[in-house]
K.L.:
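Structure below; questions to follow.
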Protein chains: 2
Amino acid sequence: MAARVQVSALDAHLGYWLRYVSNHVSHSFKLKIETRGVTVAEWVVIRALYDVKVGAAHLLADELGLTRGAISKLVDRLVTKSLVARRSSKSDRRYQELALTPSGRDLVPQLAALADGNDEEFFGDLKRQERELLTDLLKRIVRARGLKTVPVD
Amino acid sequence: MAARVQVSALDAHLGYWLRYVSNHVSHSFKLKIETRGVTVAEWVVIRALYDVKVGAAHLLADELGLTRGAISKLVDRLVTKSLVARRSSKSDRRYQELALTPSGRDLVPQLAALADGNDEEFFGDLKRQERELLTDLLKRIVRARGLKTVPVD
DNA sequence: TATTGTTATACTCTATAACTATA
DNA sequence: TATAGTTATAGAGTATAACAATA
């Protein structure tokens with residue numbers, strides 16, 4: 001018998017299934033929130049700002065694992081959409097103070113509800129225990145591999 | 001007590017963890033295969049061609065869940081890289097016969113090995129049983145939700 | 001000089017839609 | 001007219017690097 005199955009199938013990999021499901025979940029979420037005029041990347045930014053109240057761009061970049069250039073463009077769009085306000089700090093004018101506008105602050109809970117609904121839609125069929133198991137396994141991989149930064153795409 | 005926790009955290013969602021891990025796995029794979037000069041989208045195409053031997057672009061588009069325009073551009077790049085050959089069918093000259101070149105066919109097992117290694121790197125710490133459980137849960141979601149098409153990004 | 005942020009450039013991925021060639 | 005494929009256009013996401021302003 002010669003060696004066989006030297007070439008694994010795409011779907012022989014856990015990474016394949018992970019990406020498969022993840023892409024569908026994200027895509028579905030994207031469709032939901034674009035009815036509110038935001039992209040997933042923008043959502044991640046405003047959700048972060050919702051908690052910190054005010055933040056500098058470079059802190060966001062660190063927290064979200066994006067470059068300063070990327071953040072700059074994202075914030076540009078959010079400012080255009082009147083969801084984020086940008087003003088330079090008085091104490092150090094290199095910094096910017098980023099904060100949600102009232103309408104930005106209003107929007108976050110609505111988007112969070114869409115995120116909840118999306119999760120329910122995809123994982124609602126799993127038993128509570130199975131959901132926890134899945135979450136735990138994923139978190140374990142994050143810990144074991146020391147993964148950092150929030151994925152945005 | 002007023003209602004609290006109206007706004008769920010990003011990481012309160014299973015979708016978040018899925019995307020988090022998936023993005024890292026895919027990114028790591030991307031880094032591995034770009035040393036061989038291919039992107040993940042290109043890999044998916046040549047892996048598909050490896051099995052079918054020869055195929056029309058529109059069949060690939062269906063199988064991979066991409067538009068004809070997207071396939072056209074991908075195949076362009078693969079032809080430029082001499083991994084895929086493209087010639088129009090004699091029986092129906094609207095069709096193209098797509099096939100791996102010898103070097104393309106050579107490359108696929110090497111990339112498959114990189115995919116195997118990448119999977120091992122991320123999921124090797126899990127027990128066999130846990131890996132199966134994870135895979136099964138993901139496949140169940142695919143079935144329950146009737147998900148179609150291969151995600152490429 | 002070091003740091004913050006912007007801008008220019010570039011590339012991948014993907015879609016839509018107009019278009020060409022063929023049937 | 002219907003189908004296969006190409007091309008033009010567009011936009012999101014992201015990176016790198018050069019640059020301006022400030023410290």
Side-chain angles (χ1 to χ4, degrees), chain A residues 19-20 22-24 26-31 33-34 37-45 54-81 84-98 149-153, chain B residues 19-20 22-24 26-31 33-34 37-45 54-81 84-98 149-153:
Chain A
R19 196 184 57 184
Y20 193 116
S22 172
N23 283 184
H24 278 284
S26 291
H27 186 246
S28 167
F29 181 52
K30 172 193 158 213
L31 294 180
I33 66 174
E34 77 187 12
V38 257
T39 67
V40 177
E42 291 164 4
W43 152 244
V44 170
V45 170
V54 81
H58 72 281
L59 297 179
L60 268 187
D62 288 349
E63 186 179 338
L64 305 183
L66 298 171
T67 60
R68 286 174 298 156
I71 283 285
S72 185
K73 268 174 63 173
L74 276 171
V75 170
D76 263 359
R77 292 213 309 260
L78 290 166
V79 168
T80 300
K81 293 175 183 178
V84 166
R86 174 157 56 178
R87 60 177 184 283
S88 54
S89 164
K90 295 215 167 165
S91 51
D92 182 341
R93 279 157 56 210
R94 288 175 306 179
Y95 289 74
Q96 289 187 334
E97 287 170 357
L98 300 175
T149 84
V150 173
V152 151
D153 65 320
Chain B
R19 196 183 58 184
Y20 193 117
S22 173
N23 283 183
H24 278 283
S26 291
H27 185 247
S28 167
F29 182 52
K30 173 193 158 211
L31 294 180
I33 65 175
E34 78 186 12
V38 252
T39 67
V40 176
E42 290 163 3
W43 153 244
V44 171
V45 170
V54 80
H58 72 283
L59 297 179
L60 267 186
D62 288 349
E63 185 179 338
L64 305 183
L66 298 170
T67 60
R68 285 174 299 156
I71 284 286
S72 184
K73 271 175 61 174
L74 276 170
V75 171
D76 263 359
R77 292 214 309 260
L78 289 166
V79 168
T80 300
K81 293 175 183 179
V84 168
R86 174 158 56 178
R87 63 177 181 283
S88 54
S89 164
K90 295 213 164 168
S91 52
D92 184 339
R93 277 158 56 213
R94 289 174 306 178
Y95 289 74
Q96 290 187 334
E97 287 170 357
L98 299 175
T149 84
V150 173
V152 151
D153 65 320

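Below, read A as the first sequence line, B as the second, and so on, with proteins coming before strands; counting in each chain starts at 1.
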K.L.:
Of the options D:dA15, D:dT6, C:dG5, whose atoms approach the side-chain atoms of A:Gln96 most closely?
P.N.:
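Taking heavy atoms from C-beta onward, the closest nucleotide is C:dG5.
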
K.L.:
Could A:Glu42 and A:Lys81 be called an ion pair, given the rule that one side-chain N must be under 4.0 Å from one carboxylate O?
P.N.:
yes

K.L.:
Between A:Ser88 and C:dG5, is there a contact of a side-chain N or O with OP1 or OP2 at under 4.0 Å?
P.N.:
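Answer no for this pair, as no side-chain N or O of A:Ser88 is under 4.0 Å from OP1 or OP2.
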
K.L.:
When rounded to the nearest 0.5 angstrom, what is the spacing between CZ in B:Arg77 and OG in B:Ser72?
P.N.:
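B:Arg77 atom CZ to B:Ser72 atom OG measures 11.5 Å (nearest 0.5 Å).
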
K.L.:
Just checking A:Arg93: base, sugar-phosphate only, or nothing, at a heavy-atom cut-off of under 4.0 Å?
P.N.:
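Result for A:Arg93 = sugar-phosphate.
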
K.L.:
What integer distance in Å separates A:Asn23:CG from C:dT14:C1'?
P.N.:
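A:Asn23 atom CG is separated from C:dT14 atom C1' by 12 Å.
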
K.L.:
Within the pair B:His58 and D:dG5, is there a side-chain N or O less than 4.0 Å away from OP1 or OP2?
P.N.:
yes

K.L.:
So, taking the atom named CH2 in A:Trp43 and the one named CG in A:Leu74, what distance separates them when rounded to the nearest 0.5 Å?
P.N.:
14.5 Å

K.L.:
Remember a base hit wins even if backbone is also touched, and classify B:Ser72 as base, sugar-phosphate or nothing at under 4.0 Å, heavy atoms.
P.N.:
base

K.L.:
Could you tell me how far apart A:Arg68 (CZ) and C:dT7 (C1') are, to the nearest whole angstrom?
P.N.:
12 Å

K.L.:
What's the closest nucleotide to the A:Arg77 side chain, out of C:dG5, D:dA12, D:dT22?
P.N.:
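Output: D:dA12.
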
K.L.:
Kindly compute the distance separating NE2 (A:His58) from OG1 (A:Thr67), expressed to the nearest 0.5 Å.
P.N.:
14.5 Å

K.L.:
Could you state the interatomic distance from CZ (B:Arg68) to CG (B:Asp62), rounded to the nearest 0.5 Å?
P.N.:
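Separation between the atoms: 10.0 Å.
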
K.L.:
Roughly how many Å is it from CG in B:Leu64 to P in C:dT14, rounded to a whole number?
P.N.:
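Between P of C:dT14 and CG of B:Leu64: 10 Å.
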
K.L.:
Return the nearest nucleotide to the side chain of B:Arg94; candidates are C:dG5, C:dA23, C:dA2.
P.N.:
C:dA23

K.L.:
Any idea which heavy atoms bring B:Ser22 and A:Arg19 closest together, and the distance?
P.N.:
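Closest pair (atom of B:Ser22, atom of A:Arg19, distance): OG-CA, 3.3 Å.
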
K.L.:
Roughly how many Å is it from CD1 in A:Ile71 to C1' in C:dT6, rounded to a whole number?
P.N.:
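In whole Å, C:dT6 C1' and A:Ile71 CD1 are 13 Å from each other.
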
K.L.:
Could you tell me how far apart B:Leu66 (CG) and D:dG5 (C1') are, to the nearest whole angstrom?
P.N.:
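Computing the B:Leu66:CG to D:dG5:C1' distance gives 15 Å.
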
K.L.:
Which sits closer to the 5' end of DNA chain D, B:Gly55 or A:Ser89, going by the nucleotide each is nearest to?
P.N.:
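It is B:Gly55 whose nearest nucleotide is closer to the 5' end.
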
K.L.:
As a test of reading the structure: which of C:dT22, C:dG5, D:dG13 is closest to the side chain of B:Asp92, going by heavy atoms?
P.N.:
C:dT22

K.L.:
On a plain distance test, is the side chain of A:Lys73 in donor-acceptor contact with the base of D:dT14 below 3.5 Å?
P.N.:
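Donor-acceptor pair under 3.5 Å: yes.
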
K.L.:
Can you tell me how far C1' of C:dT4 sits from CG of A:Leu98, to the nearest Å?
P.N.:
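In whole Å, C:dT4 C1' lies 12 Å from A:Leu98 CG.
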
K.L.:
Would you say D:dT6 has OP1 or OP2 under 4.0 Å from some side-chain N or O of B:Arg86?
P.N.:
yes

K.L.:
What nucleic acid atoms does A:Thr67 come within less than 4.0 Å of, heavy atoms only: base, sugar-phosphate, or nothing?
P.N.:
base

K.L.:
Could you state the atom-to-atom distance from CG of B:Asp76 to P of C:dC11 in whole Å?
P.N.:
16 Å

K.L.:
Hey, which of these two, B:Lys90 or A:Ala70, hits DNA chain C nearer its 5' end, going by closest nucleotide?
P.N.:
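The 5'-side residue here is A:Ala70.
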
K.L.:
How many whole angstroms separate atom OH of B:Tyr95 from atom P of D:dG5?
P.N.:
8 Å

